Asker: 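Let me give you the structure first, and then I'll get to my questions.
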Amino acid sequence: MTTSILVAALMTLAAGNTNDIAPDDTTVVLKGVTVSGQRQRDFQMRSSQSTVQVSHDYLQQHFSGSLMQTLEGIPGVKAMAIGSGQSKPTIRGLGFNRMVVSEDGIKHEGQQWGDDHGLEIDQFAVDRAEVIKGPAALLYGSDAIGGVLSLYTNHIPTQPLSGSVQLFGRSNNEQLGVTAKLGGRLGNWFYRVGATLIDYADYRVPTDSIQYYSYWIRLKDRRLRNTAGCERDGSVVLGYAGYRFHTDLRVSDSYSKSGFFANAHGLEVRLSGIDYDRSRRDVNLPYQWVNHLKVLSHTSYQGDGLRMEANLAWQNNHREELSEPVSHGYMPKPDDTLERRFVKNTLTAHLGLTLTLGEHHELSTGLNGEYQHNRRGGWGFIIPDFETTSIGAYAMDRYTVSERLKLNAGIRLDHADTHISSYHDWFFTPIADGISVYKERSADVNRRFTSLTWSAGVNYAAGYWVLKANVGKSFRVPIPKELGADGVNYHIFRYERGNAELDPEQSYQLDMGIHWDNDVLCVQIDPYVNYFPNYIYLNPTAAYVEGLQLYNYTQARVLRYGVEAQATWVIDRHWETELKGEYLYAEQLSGDKKGYTLPFSTPWSVDAGVKYSFQRHGDTFVGLNVHIVGAQHEIVPPEKPTDGHWTLNLSAGKQISLGKNKLNIALHADNLLNQKYYDHTSYYRLIDVPEPGRNVSMMVGLEF
């Protein structure tokens with residue numbers, strides 16, 4: 001069936017690879033637009049950091065399930081897949097609380113510490129995106145030590161009425177979805193509304209069985225049972241856009257429900273009375289649901305040589321995990337299915353001011369503040385209740401020596417208070433001589449952190465060349481999970497324990513960029529190096545708790561370095577080729593695992609692609625891509641090495657004009673040859689679960 005769909009679609013579609021990312025600091029080609037070398041140089045001179053602008057067209061044409069899977073074509077960016085409907089972003093091998101996801105200028109705050117928690121963001125509401133590769137703590141504060149993914153949903157309608165409707169689906173997990181947006185403008189006032197509905201089934205893998213703790217588990221129809229789910233998103237925006245003054249209010253809500261792979265939630269599922277194979281679209285225990293409500297206000301004023309901006313937001317993240325009640329250790333069998341509940345409220349504020357001081361100086365200053373309040377519930381424990389308050393101030397100066405030479409430097413001061421509440425088990429644990437106690441899992445902890453960070457960079461242009469470099473110091477405050485965790489993490493098959501004495505994580509980094517472009521051939525090379533005096537990570541031990549291996553949070557000196565490279569050759573108006581790759585090396589320089597790399601380190605990868613455009617402006621095109629991933633033998637015991645693999649992928653697209661309206665058709669096919677392989681960064685490989693097999697994604701959208 002998949003093959004017939006693919007053949008039928010190819011009769012009317014064509015597509016390319018990642019070359020239609022809108023150019024900015026490190027990108028090369030706009031879709032269907034020839035960009036002069038002078039304009040490319042202007043883009044490269046905007047920032048001394050490696051920054052990629054991603055257009056709305058790119059997001060549509062490369063739709064591949066989740067937002068992060070769509071962005072994986074950018075060198076250095078990877079999606080850590082979580083089941084069939086979600087994924088977490090990583091930049092240069094750093095993710096979770098080492099990178100910031102920002103939406104319309106506000107840091108997105110959910111339960112992002114968890115390995116099985118996706119982004120609670122409607123990817124179809126995103127108009128464009130920006131990826132900053134490398135530390136960006138100067139502007140964003142803690143957590144931006146690895147990079148920033150900035151999402152923008154702030155498109156202002158220009159017509160009294162406009163909108164779009166899109167239908168989409170995926171073959172592997174039989175995903176079906178619809179999204180619609182409507183907006184309009186009357187004078188200076190505008191509005192936007194949007195909604196997305198998605199439903200998907202258990203996803204398929206190219207194997208008949210998996211191995212979990214020496215138990216062989218057969219899969220029905222090669223599907224991971226109980227990985228189905230759904231998503232429901234909605235948003236409303238009302239705003240005023242004048243010549244100098246702009247303000248808007250945005251309310252969005254994102255709800256998702258997804259099952260956990262039943263056989264990965266402990267061996268007790270073998271005794272369950274649930275018929276997991278009854279339907280591939282139902283969601284049984286164990287499963288999770290999450291609802292993220294966000295209210296965001298954005299106001300700006302543009303004067304002569306002056307720009308002021310204010311962003312205020314409140315976020316409510318409510319997440320629950322439910323599973324069949326079973327006894328573990330000394331815990332008796334609970335009375336209900338609520339294993340864990342987390343309710344997090346976040347208040348965020350950002351005030352910014354940019355001043356143009358003469359012809360050479362542009363001074364940017366800002367103040368950030370955030371308050372988090374998180375409460376837990378349920379009979380299972382992993383992290384305690386906590387409150388955090390943080391405030392930071394920064395100043396950055398951009399100095400233009402000439403059109404060929406630009407300098408920038410900045411400094412930032414941050415302070416954070418974290419309070420972790422004590423927690424005792426709700427059941428007795430025997431300790432000695434017949435004495436039993438309510439065991440304390442988390443002590444009452446108050447920690448204060450202060451950090452000074454800085455950054456400096458240079459951009460230099462000469463002929464076809466643009467050279468850039470950025471050096472600086474970044475930091476990250478330990479999160480409450482790292483300070484106070486003490487519990488079973490079933491989905492990652494381990495017992496995790498925090499360390500209340502952890503120091504703030506620091507990083508010293510050097511990022512460089514070499515860009516050469518003559519409108520036909522474009523070459524980009526971005527090397528980088530990071531040194532962490534006290535990198536925080538989960539260290540596997542030889543101890544076992546409740547039948548699972550114990551992992552302790554610890555700190556070590558770590559050196560990381562790598563490079564990303566990309567070359568694009570525009571052969572003629574029809575043909576275009578691209579070669580890109582990335583490499584990362586990490587080594588611990590101290591601690592118990594001195595000489596080893598870091599857990600789940602990203603292996604090297606190379607992509608080679610060719611695209612053919614049928615029309616001069618690229619409205620119809622088709623492309624093939626070969627994705628090659630090297631073997632990863634640099635591991636941290638008890639990790640196991642992962643073999644290398646390669647996949648053949650196809651994407652196609654067509655745009656049809658219907659008067660003033662446009663019909664867009666996009667097709668993306670991953671793993672065309674249905675190869676069986678393992679992703680070294682996936683936790684599912686620990687129980688012998690390979691990556692999904694052949695998967696065809698298709699989207700049909702009407703813009704009016």
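Predicted model only: the values in this text are computed from it and were never measured.
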Asker: Are the charged groups of Glu362 and Arg307 less than 4.0 angstrom apart, N to O?
Answerer: no

Asker: Mind telling me whether Phe532 and Tyr535 have parallel, tilted or perpendicular rings, with 30° and 60° as the class edges?
Answerer: perpendicular

Asker: For residues 449-456, dump all side-chain donor-acceptor pairs below 3.5 Å to protein atoms at least two apart in sequence or in another chain.
Answerer:
from: Thr450; atom 1: OG1; to: His415; atom 2: ND1; distance (Å): 2.8
from: Ser455; atom 1: OG; to: Asn470; atom 2: ND2; distance (Å): 3.2

Asker: So, using side chain to side chain contact (heavy atoms under 4.5 Å, CB included) as the criterion, who are the partners of Ala125 when residues are at least two apart?
Answerer: Asp122, Thr153, Arg250

Asker: List the atom of Pro157, the atom of Tyr191, and the distance in Å for their closest heavy-atom pair.
Answerer: CG-O, 3.7 Å

Asker: Checking Thr356 now: which residues fulfil side-chain hydrogen bond (donor to acceptor under 3.5 Å, both in side chains) with it, not counting sequence neighbours?
Answerer: none

Asker: I'd like to check the side chain to side chain contact (heavy atoms under 4.5 Å, CB included) partners of Val458; sequence neighbours left out, ordered by chain and number.
Answerer: Leu405, Leu407, Ala469

Asker: Holding to side chain to side chain contact (heavy atoms under 4.5 Å, CB included), I want the full list of residues that pass it with His155, two or more places apart in sequence or in another chain.
Answerer: Asp127

Asker: In plain terms, say whether Arg476 and Glu482 are close enough for a salt bridge, that is, a side-chain N and a carboxylate O under 4.0 Å apart.
Answerer: yes

Asker: Under the salt bridge (charged side-chain N to carboxylate O under 4.0 Å, His left out) rule, collect the residues that match up with Lys473, sequence neighbours excluded.
Answerer: none

Asker: Nearest 0.5 Å please: distance from the OH atom of Tyr531 over to the OG atom of Ser507.
Answerer: 10.5 Å

Asker: List the residues meeting side-chain hydrogen bond (donor to acceptor under 3.5 Å, both in side chains) with Asp304, not counting sequence neighbours, and say none if there are none.
Answerer: Arg244

Asker: Go through the structure and list residues passing side chain to side chain contact (heavy atoms under 4.5 Å, CB included) with Leu584, not counting sequence neighbours.
Answerer: Tyr528, Arg560, Thr602

Asker: Return the set of residues passing side-chain hydrogen bond (donor to acceptor under 3.5 Å, both in side chains) with Arg192 (not counting sequence neighbours), or none when no residue passes.
Answerer: none

Asker: Give every residue pair that meets the ring pair (Phe, Tyr, Trp, His ring centres under 6.0 Å) criterion with at least one member in residues 344-366, sequence neighbours excluded.
Answerer: His360-Tyr399, His361-Tyr399

Asker: Holding to salt bridge (charged side-chain N to carboxylate O under 4.0 Å, His left out), I want the full list of residues that pass it with Glu564, two or more places apart in sequence or in another chain.
Answerer: Arg92, Lys133

Asker: Between Lys107 and Asp143, does any NZ, NE, NH1 or NH2 come within less than 4.0 Å of an OD or OE carboxylate oxygen?
Answerer: yes

Asker: Holding to side-chain hydrogen bond (donor to acceptor under 3.5 Å, both in side chains), I want the full list of residues that pass it with Glu120, two or more places apart in sequence or in another chain.
Answerer: His108, Asn317

